[in-house]
Number of protein chains: 4
Amino acid sequence: MLLAVDFQSDVPIYIQLKQQIIEGIARGRLAEGESLPSVRQLAQDIGINLHTVNKAYSLLKEGGFIIMDRRKGAVINTRQAMAAGDCREKLRDELAPIIAEVFCKGMKEEELIQEIARIYKSFSEDGKHGL
Amino acid sequence: MLLAVDFQSDVPIYIQLKQQIIEGIARGRLAEGESLPSVRQLAQDIGINLHTVNKAYSLLKEGGFIIMDRRKGAVINTRQAMAAGDCREKLRDELAPIIAEVFCKGMKEEELIQEIARIYKSFSEDGKHGL
Amino acid sequence: MLLAVDFQSDVPIYIQLKQQIIEGIARGRLAEGESLPSVRQLAQDIGINLHTVNKAYSLLKEGGFIIMDRRKGAVINTRQAMAAGDCREKLRDELAPIIAEVFCKGMKEEELIQEIARIYKSFSEDGKHGL
Amino acid sequence: MLLAVDFQSDVPIYIQLKQQIIEGIARGRLAEGESLPSVRQLAQDIGINLHTVNKAYSLLKEGGFIIMDRRKGAVINTRQAMAAGDCREKLRDELAPIIAEVFCKGMKEEELIQEIARIYKSFSEDGKHGL
DNA sequence: GTGGTCTAGACCACG
DNA sequence: GTGGTCTAGACCACT
């Protein structure tokens with residue numbers, strides 16, 4: 001899978017990496033058991049620091065998206081235990097400020113939900129192809 | 001309106017302030033034309049530096065949520081021109097990584113939309129009270 | 001002449017007053033020998049502080065645009081000695097940063113001069129009416 | 001490029017910096033893709049506080065004159081989308097008071113345009129050298 | 001070593 | 001008393 005970082009973004013590079021890999025999993029482009037490139041390899045490919053890639057992998061491991069294997073390196077793990085409670089609360093905290101803002105800008109509930117559904121479907125559609 | 005910042009949070013204080021004020025507007029607790037406290041006053045009330053408040057106010061001004069009036073200070077502005085295009089794209093970029101993550105965690109579309117709708121309604125409900 | 005100040009502008013009110021009165025003179029709406037309202041009167045009309053009007057009048061007097069008369073108050077003076085040297089240098093310092101900016105934005109010389117001419121003519125046209 | 005601030009001037013230091021850098025771009029002394037010094041470096045060189053430099057850089061970024069790159073710091077960006085409408089209106093608001101003043105002082109249209117043209121040409125001439 | 005964030009304290013312009 | 005500007009020094013996140 002191709003990873004493209006935006007060096008001009010205000011989102012830290014290691015967060016961009018993390019997000020793109022999670023999106024890759026969601027879209028089925030990174031399948032269960034597949035190995036990610038080594039830290040060194042990926043850092044060189046993108047032209048960034050080792051530490052940056054390392055940090056991204058650490059976060060992914062923490063979130064249960066990958067498992068570190070001594071021989072195969074970082075391995076995709078799609079079977080994730082959903083800590084339902086944590087997840088919901090965290091989700092709410094992340095969404096509330098975003099929704100408040102578009103609410104103030106006048107976006108209607110239907111528009112918002114439609115937008116959400118479109119994004120969600122973009123994952124499940126791609127996911128099917130991955131099967 | 002009461003503002004409370006979490007000094008332990010990794011979200012910068014000025015962002016917390018900005019978000020709480022936007023939520024305050026969304027919930028109708030801060031009405032059109034109302035003045036916010038002066039930077040010095042609010043800084044003292046919360047127990048933070050005035051520059052931190054200043055930065056929050058600057059961002060709110062930039063986003064069109066308040067207007068700086070030379071006599072009345074920071075004034076709430078609910079009549080916002082919604083730059084629809086920009087808004088949608090920004091929204092998508094903010095939501096995609098969040099949705100990708102809960103998608104991987106196994107959250108169903110209905111659950112997600114239900115959660116979104118609940119948050120949105122919490123604003124429009126409060127807004128009605130404000131009338 | 002009607003003076004309208006914008007309390008949301010980042011231009012100080014007293015500067016706005018000064019500029020509008022100078023523009024009024026340029027357009028011939030304020031004629032030689034005519035009196036401006038008293039400081040108190042103008043402050044009350046616009047709803048601003050006495051000091052603010054005072055400061056504007058002081059600047060105008062300094063620039064030779066008005067003469068303070070004990071009986072008639074602030075009197076318009078259109079016969080101004082043009083301190084040519086000073087004026088040119090000051091003009092260059094004010095214009096250079098503005099022109100540099102539009103130059104960077106890609107505005108062509110013809111466009112710029114056309115714009116300047118339009119503004120200048122708006123004064124001389126109005127000025128004729130005043131004669 | 002050499003930057004020199006006037007500490008006696010009533011123009012804020014961060015504005016002086018901003019203007020000098022924009023002029024530097026206009027004159028071709030700062031080329032596309034070139035990096036500006038770090039805020040700390042420049043602050044030390046000039047003998048001012050790094051926050052002051054930071055503010056100047058922030059304004060330049062906002063205006064599209066530089067791009068903040070996570071690896072290369074502040075990078076000159078000459079390819080600017082000219083928001084033609086905004087630009088014209090802003091230009092008019094900035095020029096009108098200046099032109100009104102010299103009009104009152106008796107400067108003729110030809111003199112004014114000649115002065116403008118001279119300033120503009122000083123940029124395009126230098127620009128050629130930059131090629 | 002970089003920029004981002006926060007604090008603290010000072011002076012001035014503005015109203 | 002207000003916000004705007006500037007300084008100084010500190011810690012942290014990022015690369």
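Chain letters run A, B, ... following the sequence lines, proteins first and then strands; every chain starts at 1.
One atom, CD of A:Q8, and another, P of F:dT15, lie 14 Å apart when rounded to the nearest Å. A:D10 places its CG atom 13 Å from the C1' atom of F:dC14, with the value rounded to the nearest Å. Atom CG in B:L42 sits roughly 14 Å away from atom C1' in F:dT2 (whole-Å rounding). A straight line from CD of A:Q16 to C1' of F:dC14 spans 12 Å, rounded to a whole angstrom. When rounded to the nearest whole Å, the span between CG of A:L17 and C1' of F:dT15 equals 12 Å.
Proximity of A:I13 to A:F7: side-chain heavy atoms (C-beta onward) are separated by under 4.5 Å at one or more points. Looking only at side-chain heavy atoms (C-beta outward), A:V102 and B:C87 come within less than 4.5 Å of each other.
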Sequence-aligned protein contact record of nucleotides 3-9 of chain F, with B where the base is within under 4.0 Å of a protein heavy atom and S where only the sugar-phosphate is: BBBBBBB
Using residues 58-70 of chain D as the side-chain source, report each donor-acceptor pair under 3.5 Å to any protein atom, sequence neighbours left out, with the distance given to one decimal.
{"unit_1": "D:S58", "atom_1": "OG", "unit_2": "D:N54", "atom_2": "O", "d": "2.9"}
{"unit_1": "D:D69", "atom_1": "OD1", "unit_2": "D:R71", "atom_2": "N", "d": "2.7"}
{"unit_1": "D:D69", "atom_1": "OD1", "unit_2": "D:K72", "atom_2": "N", "d": "3.0"}
{"unit_1": "D:R70", "atom_1": "NE", "unit_2": "A:S9", "atom_2": "O", "d": "3.1"}
{"unit_1": "D:R70", "atom_1": "NE", "unit_2": "A:V11", "atom_2": "O", "d": "3.4"}
{"unit_1": "D:R70", "atom_1": "NH2", "unit_2": "A:D10", "atom_2": "O", "d": "2.8"}

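Applying the side chain to side chain donor-acceptor pair (under 3.5 Å) criterion to B:H51, with sequence neighbours excluded, gives B:N49. In terms of the side-chain contact (heavy atoms from CB on, under 4.5 Å) criterion, residue partners of D:L30 (sequence neighbours excluded) are, by chain and number, D:M1, D:I21, D:I25, D:E34, D:L36, D:I76. Applying the side chain to side chain donor-acceptor pair (under 3.5 Å) criterion to A:E23, with sequence neighbours excluded, gives A:R27. With sequence neighbours excluded, the residues satisfying side chain to side chain donor-acceptor pair (under 3.5 Å) with D:Q41 are D:D45. The side chain to side chain donor-acceptor pair (under 3.5 Å) search around B:E101 returns A:K90, not counting sequence neighbours.
For F:dC14, the OP1/OP2 oxygens have no side-chain nitrogen or oxygen of D:R70 closer than 4.0 Å.
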Pairing annotation in dot-bracket form, given for DNA chain E with Watson-Crick or G-U pairs under 3.5 Å and | for cross-strand partners: ||||||||||||||.
